[in-house]
There are 2 protein chains.
Amino acid sequence: MDGVREKILDAAGRVFAERGYKSATIRQICQAAEVNVAAVNYYFGDKQQLYLDTVKQAHRRLSAQFPLPPWPEETPPANKLNGFIRAMLARMIGGKATPWEQQLMLREVLHPTNACRELVEEYFRPHLELLLSIVSELLPHGTAAHRQRQVAFSIIGQCLFYRIAGDIVDMLSATDQRQHFTIEQLAEHITRFSLAAISGTSDFDDRDNRARQPTSVS
Amino acid sequence: MDGVREKILDAAGRVFAERGYKSATIRQICQAAEVNVAAVNYYFGDKQQLYLDTVKQAHRRLSAQFPLPPWPEETPPANKLNGFIRAMLARMIGGKATPWEQQLMLREVLHPTNACRELVEEYFRPHLELLLSIVSELLPHGTAAHRQRQVAFSIIGQCLFYRIAGDIVDMLSATDQRQHFTIEQLAEHITRFSLAAISGTSDFDDRDNRARQPTSVS
DNA sequence: ACTTGTTTTAAACAGTTGTTTGAAACGTTT
DNA sequence: AAACGTTTCAAACAACTGTTTAAAACAAGT
C-alpha cells in the first residue's frame, strides 16, 4: 500500500518467518514487496538491520493485536487461567495459517539472535508476569517464587508443545483421533490438567521427598 | 579415525546440528572431516542424501545410547513415570553441551523434512507408546484413548519446554533462582505436577463442562 | 611391469548470494 | 526552467554455493 519502507518490512516479515534469516534472500523479499533489490540496502543499510527492524515490528504488531487482557477484579482465578490458556493456544495454533509475526517470534525463542533481548523484556516477560499473578492466586499463600515459576512453565510448556511439535503430533495420531486436538478441546484439557495439578501439589508444599525411590532408568 | 565415509558422517552431524541444513556448507563439513570437497559427492551423491544419512545415523546412535528401559514388572507406575521424565530431561538438557544427535532430531521436529517420517516411526512412536502404557496404568481403567494421549502430550510438553526455551528461561529468571532449574529439581516438579493432575482429573472423567463460563479474553 | 578398478585431489563450473554503482527518474525549490 | 536532493533502477561486483571434471595417486591382481 503505502511507503516503500513499509512494503519491504511487511514482505520481509513473511519471508523471514517462513524461511529463516539465512535462507531468506533479499531478492525474494524485494520481489514480494515489488521493489528493486537495491531498495533494502538503501532503506535499511544491510540484511541484518532489516531483520532487526522486522522483528521489532512483529513484536509491536503482536502487542497491539493481543493486548494483555483486563479482567474484572472479581474474576475467579480459575477462569482467568482458562482464558489465558485459551488465548495462548489461539495465538499459537489458531487462525489456520499462523501469522508471520508469531512464526518470527518463535524463531527467536528457538535460536535467539541479537533481536532477542528486547523481545524478552517487552513481550515475554509481561506475559509471564500475568500468568504468575494468576498462578499465585491459585497456589497456597506463601508458595516459594521458584515453585510458582515451575508451575507457570509447566502450563506454558503444555501449550507451546502443540505449536512446536504440531506436525509430529499429526503423524503420531490416527486420523480418527485428530478431531480431539482442536483449540477448544486442548484448552479444556490443559486447564483441567493444570488446575488439578495445582490443587494436588499444594498439599505437599515443603515436605519434600515423598514415597519416591530413585528409579534409575537405563 | 576409520573410513572416510564415517569421518564425513560424524562431521556432518555436528555441522548440520549447529547450523541447519541450508546454512551448513559442504566445504565446512569437509574441512571438519579433513577430506576433499569432492568426497561428499563421491560417497553420498549430493548434499541432500548426506543429510538423510546423517539423520538416520543420529537416530541409530540415540537408540543405542538410550534404549527403552526394561522395568521390572511390579514397578509402581508412579515410579516408572518419574524414571521416564528423568530420562527425557537428562537426554534433552543434560550433559552440558547437548550432543549433536539430539540437536538434529529437534531440528526435524521443528521443521520436518523428508528424513522425518522414518524418525517418527522408529524413534518417537515407540517412546510415546511406552509413556502411554505408563499413563494408562495411572488413569482410571477405560479412559478414552484421546484422553491418554492428551495427558502424555502434557507431560512431554513440560519436558520439551526447557529444551526449547532454555535460553529464554535463563533470560527470564533472576540469577538467584537459576539453582532451582536443575534436572533433578525439574524432574521432581514435573513428576509431582503430572501425578497430581492425573489423580485430579480422573474424577470428572466424562462429565464435561464443570463450572466454567467462557471467559472471553480480549 | 602392466593392467584394472578405486579413491583422492586441485581446479574449474554454473548459479546464487549480499552489496555497490552510476546513471536515470522524480519532486521541490529557486 | 534550472538546480537540487531524494528515490528508483538495471547492471555489475566479488564472494560463496553445490557440483563436476579430468588428471593424479593408490592398491590390488595378473
Side-chain angles (χ1 to χ4, degrees), chain A residues 1-58 100 103-104 107-108 110-116, chain B residues 1-58 100 103-104 107-108 110-116:
Chain A
M1 277 296 156
D2 35 12
V4 177
R5 221 188 119 95
E6 282 71 23
K7 280 204 295 185
I8 294 179
L9 269 178
D10 198 69
R14 275 175 282 131
V15 177
F16 276 136
E18 184 180 329
R19 329 226 353 162
Y21 177 76
K22 187 70 189 294
S23 287
T25 77
I26 290 189
R27 283 175 174 82
Q28 287 171 4
I29 294 172
C30 289
Q31 188 170 356
E34 295 174 315
V35 299
N36 189 275
V37 242
V40 161
N41 296 27
Y42 179 76
Y43 282 99
F44 298 90
D46 58 359
K47 187 184 179 183
Q48 170 91 1
Q49 189 57 49
L50 168 62
Y51 180 75
L52 294 180
D53 287 1
T54 305
V55 173
K56 270 186 200 167
Q57 194 208 218
W100 61 263
Q103 285 187 58
L104 249 191
R107 275 190 191 276
E108 279 298 315
L110 300 174
H111 303 108
T113 70
N114 299 333
C116 199
Chain B
M1 282 296 158
D2 32 13
V4 176
R5 221 187 119 93
E6 283 70 23
K7 279 204 296 183
I8 295 180
L9 269 178
D10 198 69
R14 276 175 281 130
V15 177
F16 276 136
E18 185 181 328
R19 328 226 354 163
Y21 176 77
K22 187 69 187 295
S23 288
T25 77
I26 291 189
R27 282 176 174 82
Q28 286 170 5
I29 294 172
C30 289
Q31 188 169 355
E34 295 174 315
V35 299
N36 189 278
V37 243
V40 161
N41 295 351
Y42 180 77
Y43 281 99
F44 298 90
D46 59 358
K47 187 185 180 183
Q48 170 91 2
Q49 190 57 50
L50 168 61
Y51 180 75
L52 293 180
D53 287 2
T54 305
V55 173
K56 270 186 201 166
Q57 195 209 214
W100 60 262
Q103 284 187 59
L104 250 190
R107 274 190 191 277
E108 279 299 315
L110 300 173
H111 303 108
T113 70
N114 299 334
C116 199

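Below, read A as the first sequence line, B as the second, and so on, with proteins coming before strands; counting in each chain starts at 1. Side-chain atoms are counted along with the backbone in the values below, which use heavy atoms only and exclude waters and symmetry mates.
If you check residues 8-25 of chain B against DNA chain C, you find no residue with a heavy atom closer than 4.0 Å.
In terms of modelled atom types and a separation under 3.5 Å, the side chain of A/R14 and the main chain of A/W100 share no donor-acceptor contact. No donor-acceptor pair closer than 3.5 Å links the side chain of A/R27 to the backbone N or O of A/V37.
Checking the phosphate oxygens (OP1, OP2) of C/dT8, no side-chain nitrogen or oxygen of B/N36 falls inside 4.0 Å. A sub-4.0 Å separation between OP1 or OP2 of C/dT7 and a side-chain N or O of B/Y43 is absent.
Atom CZ in A/F44 sits about 15 Å away from atom P in C/dG18, given to the nearest Å. One atom, CD of A/E6, and another, P of D/dT7, lie 12 Å apart when rounded to the nearest Å. Rounded to whole angstrom, the span from the CD1 atom of B/I29 across to the P atom of D/dG18 amounts to 8 Å. Across the protein-nucleic acid pair, B/N41 atom CG and D/dG18 atom C1' stand 7 Å apart, rounded to whole Å. One atom, CD of A/Q31, and another, P of D/dC9, lie 14 Å apart when rounded to the nearest Å. The CD atom of A/Q28 sits 6 Å away from the P atom of C/dT17 (whole-angstrom rounding). Rounded to whole angstrom, the span from the CG atom of B/D46 across to the C1' atom of D/dT17 amounts to 14 Å. At whole-Å resolution of the value, OH in B/Y42 and C1' in D/dG18 are 19 Å apart.
Between B/C30 and B/N36, the closest heavy-atom pair is SG-O, 3.4 Å. The minimum heavy-atom distance between B/R107 and B/E18, with the atom names listed, is NH2-O, 3.2 Å. A pairwise comparison of heavy atoms in B/R5 and B/Y43 identifies NH1-O, 3.5 Å as the closest pair.
Nucleic acid contact class of A/V4 (heavy atoms, under 4.0 Å, all strands): sugar-phosphate only.
Distance check, rounded to the nearest 0.5 Å: NZ of B/K22 to CZ of A/R19 gives 5.5 Å. Taking CD1 of A/I26 as the reference point, atom CG of A/N41 lies at 5.0 Å (rounded to 0.5 Å).
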Mind running side-chain hydrogen bond (donor to acceptor under 3.5 Å, both in side chains) on B/D53 and B/Q57 for me, showing each step along the way? CA-CA 6 Å; B/D53 287 2; B/Q57 195 209 214; over 6 Å; no
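The aromatic rings of A/F16 and A/Y21 sit parallel to each other, their planes meeting at less than 30°, with 60° as the upper class boundary.
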Under 3.5 Å between N/O atoms: give me all the protein pairs with nucleotides 21-28 of chain D, atom names plus distance.
none

For nucleotides 12-15 of chain D, tabulate all protein N/O to nucleotide N/O atom pairs closer than 3.5 Å, reporting atom names and distance.
| unit_1 | atom_1 | unit_2 | atom_2 | d |
| --- | --- | --- | --- | --- |
| D/dA12 | N6 | A/R27 | NH2 | 3.4 |

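Counted within 6.0 Å of CD on B/E6, heavy atoms from surrounding residues, nucleotides or ligands total more than 12; the atom is thus considered enclosed.
Among A/V15, A/L9, A/I29, the one residue that satisfies the side-chain contact (heavy atoms from CB on, under 4.5 Å) test with A/T54 is A/L9.
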